[in-house]
Amino acid sequence: MTAAPHPASEEEPVEPPQAGGMGLAATLGEEALGLLNTGRELYGLFVRTIYFCFRGRREPGAMAFYMHEVGNKSVFFLSVVMGFIGMIMVYQGGVQNLRILPDLSLIGATYLELLIRDLAASIGALMLATRVGAGIAAEIGSMVVTEQVDALRMSAADPVDYLVKPRFIASLVMTICLCIWGAAVSTVTGTLTAYVYFDLNPHTFLNLTLVDAADVGTGLTKCLAYGAAIPIVSAHAGLSTHGGSEGVGRATTRAVVNSSLAVLFLNLVISAVSYILFPG
Amino acid sequence: MGARALEIAGTVGSMGMLLGRILGRTLRLSLDREEVMKNLYRMGVLSMPIVIVTAMFTGGIMVIQAAPLVTRLQAYGLLGWGAGFGILREIAPLLTALMINGRVGANNTAELGTMVVTEQVDGLRVLAIDPIGFLIAPRFISIVITLLLVTIFADVLALVGAAYVGDLMLGVSPRTFYNGLTSGLLGTGDIMSGLVKSVLYGIVIGLSSCHFGLAVSGGAPGVGKAVNATVVASAAGVFVLDYLVSFTL
């Protein structure tokens, strides 16, 4: 599930590649092998994290700390983004709707369905991928560079147990909470936009007839998948940091790019599966 | 609340001053042209893989999300219009900006931050080389140009992705999709609106990544924190600008 696509190699050849070097097939093959390797490493990290979730040390203090770090500190950022998304979606949808149909009464129902099935989870998770993902990679990366992770290993403490597991559980719980909060915020701003710009009564707008259990289920599955993928991908980027402060920067970049790609990839897969399972 | 508002105002203010200084250097053409070309290659050409993947995926996702609505209304001819409008006006510029923010913006902050931490920027000043003209302005300009060009590319790719996913999942042939796209409901205004947005996003991403990169202090953890701050600030800025542009255009 966390075997995310990994096409962005973050090596930095500053000069353009020399003509007559590696052929196209060789380059593609190397990329594919790298992708496969990263997928395997991510899967390994995922399995080890799950193992330590059940068999590792109990540390409620660290869990609460990271939940605060991941959750409460993202609330402001996420509220801003989701609030604006609500306004933009309803405004653009309304304007386009008026180009073909004068009747706006169904826009609320459609918007809420789309929001619950996809937007709340996916846009929210993209934002969390940048904020939380970058944070995790930066923290773990600086620990690797300053050899604190090696110190942990020397004291016979598994870095996955100490560093990755609490962040993983915190992100899993808080992504779901934040996505639900984001859905609420964008519903409110969407309703207000519809009322102010299109004179649509909030009662007409807040029409939940199109939302069924399949939509809610798809949305929550997405939250769960993103919540698991973001910390694993970012922790992997953080743990494979090397080379001083430059390396930390590179690891953070890779965490953001790869966890965003993981979100997009999971979105495509889950959306397609849910469309095949519950068409219409 | 108050402290946060003041902090945001302070950041925006110092970004504005940085923009003024960059524009000054650009108008006087005291830029390092070689740096601009080098950065364009690194930021633009090397970002192509993730742009391609992102654009194809988002095109596909758009169609899958529209699918229940389309089958309910039997409006297969309108799929091209719906997907095209969403992609050209909003999704392609927005998601491309977010990915470029993650890859280029974060990388830029990390590089500048590393230079600040290792005192290379002070070294430039000692050599009487203007850090703004040599380091900052070329990067800023490259980010803006890169994002504009890459968005045009992503527009096309996302439409191709949408057309083929529509064919695969809904049985709407690419020809029907193309007809819906060109049926006259979409104009150049829609494309231009997306491209204007991408330029503005480029300005936000360039400014915030340069600003946070120059403001780094405190070794390797400081660089990590600065990168984190950059991606968060640019992402929020992109959404706020998206709203403002959508309502004015």
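Fair warning: this is a prediction, and the values are worked out from it, not measured in the lab. Quick note on labels: first sequence line is chain A, next is B, and so on, each numbered from 1.
- Between B:F85 and A:Q92, some side-chain heavy-atom pair lies under the 4.5 Å cut-off.
- For B:D190, the part sitting under 4.5 Å from any heavy atom of chain A is the side chain, from C-beta outward, and nothing else.
- Annotation: the span from A:L126 atom CG to B:L95 atom CG amounts to 6.0 Å, rounded to 0.5 Å.
- Considering CD1 of A:I88 and CZ of B:R89, their distance stands at 12.0 Å, rounded to 0.5 Å.
- Counting only heavy atoms from C-beta outward, the side chains of B:V240 and A:V80 approach each other to under 4.5 Å.
- Here the straight-line distance linking atom NZ of B:K225 with atom OG of A:S142 works out to 8.0 Å at 0.5 Å rounding.
- Here B:V232 is the residue among B:V223, B:V231, B:V232 with the most heavy-atom pairs under 4.5 Å with chain A.
- Looking at B:L170, the atoms closer than 4.5 Å to chain A (heavy atoms on both sides) all sit in the side chain, from C-beta outward.
- Using a 4.5 Å cut-off on side-chain heavy atoms (C-beta onward), B:Q65 and A:Y275 make no contact.
- A:F84 has its ring centre less than 6.0 Å from the ring centre of B:Y243.
- For A:V81, the parts lying under 4.5 angstrom from a heavy atom of chain B are both the backbone and the side chain.
- Atom-to-atom distance recorded for B:T54:OG1 and A:L264:CG is 5.5 Å, nearest 0.5 angstrom.
- The CE atom of B:M62 sits 10.0 Å away from atom CG of A:D118, with the distance rounded to the nearest 0.5 Å.
- For the atom pair CZ of A:R250 and CG of B:N107, the computed distance is 8.5 Å after rounding to the nearest 0.5 Å.
- Using a 4.5 Å cut-off between heavy atoms, A:L119 does not touch chain B at all.
- Contacts of A:T193 with chain B are made by side-chain atoms alone, with heavy-atom separations under 4.5 Å and no backbone atom involved.
- B:L98 places a side-chain heavy atom less than 4.5 Å from the side chain of A:M127.
- For B:I61, the parts lying under 4.5 angstrom from a heavy atom of chain A are both the backbone and the side chain.
- With a 4.5 Å cut-off on non-hydrogen atoms, A:L210 touches chain B through its side chain but not through its backbone.
- For chain B, the nearby parts of A:S271 are the backbone and the side chain; heavy atoms of each come within less than 4.5 Å.
- Interface remark: A:L114 contributes side-chain atoms only to the contact with chain B (heavy atom separation under 4.5 Å).
- Neither the backbone nor the side chain of B:S234 comes within contact range of chain A, judged by heavy atoms closer than 4.5 Å.
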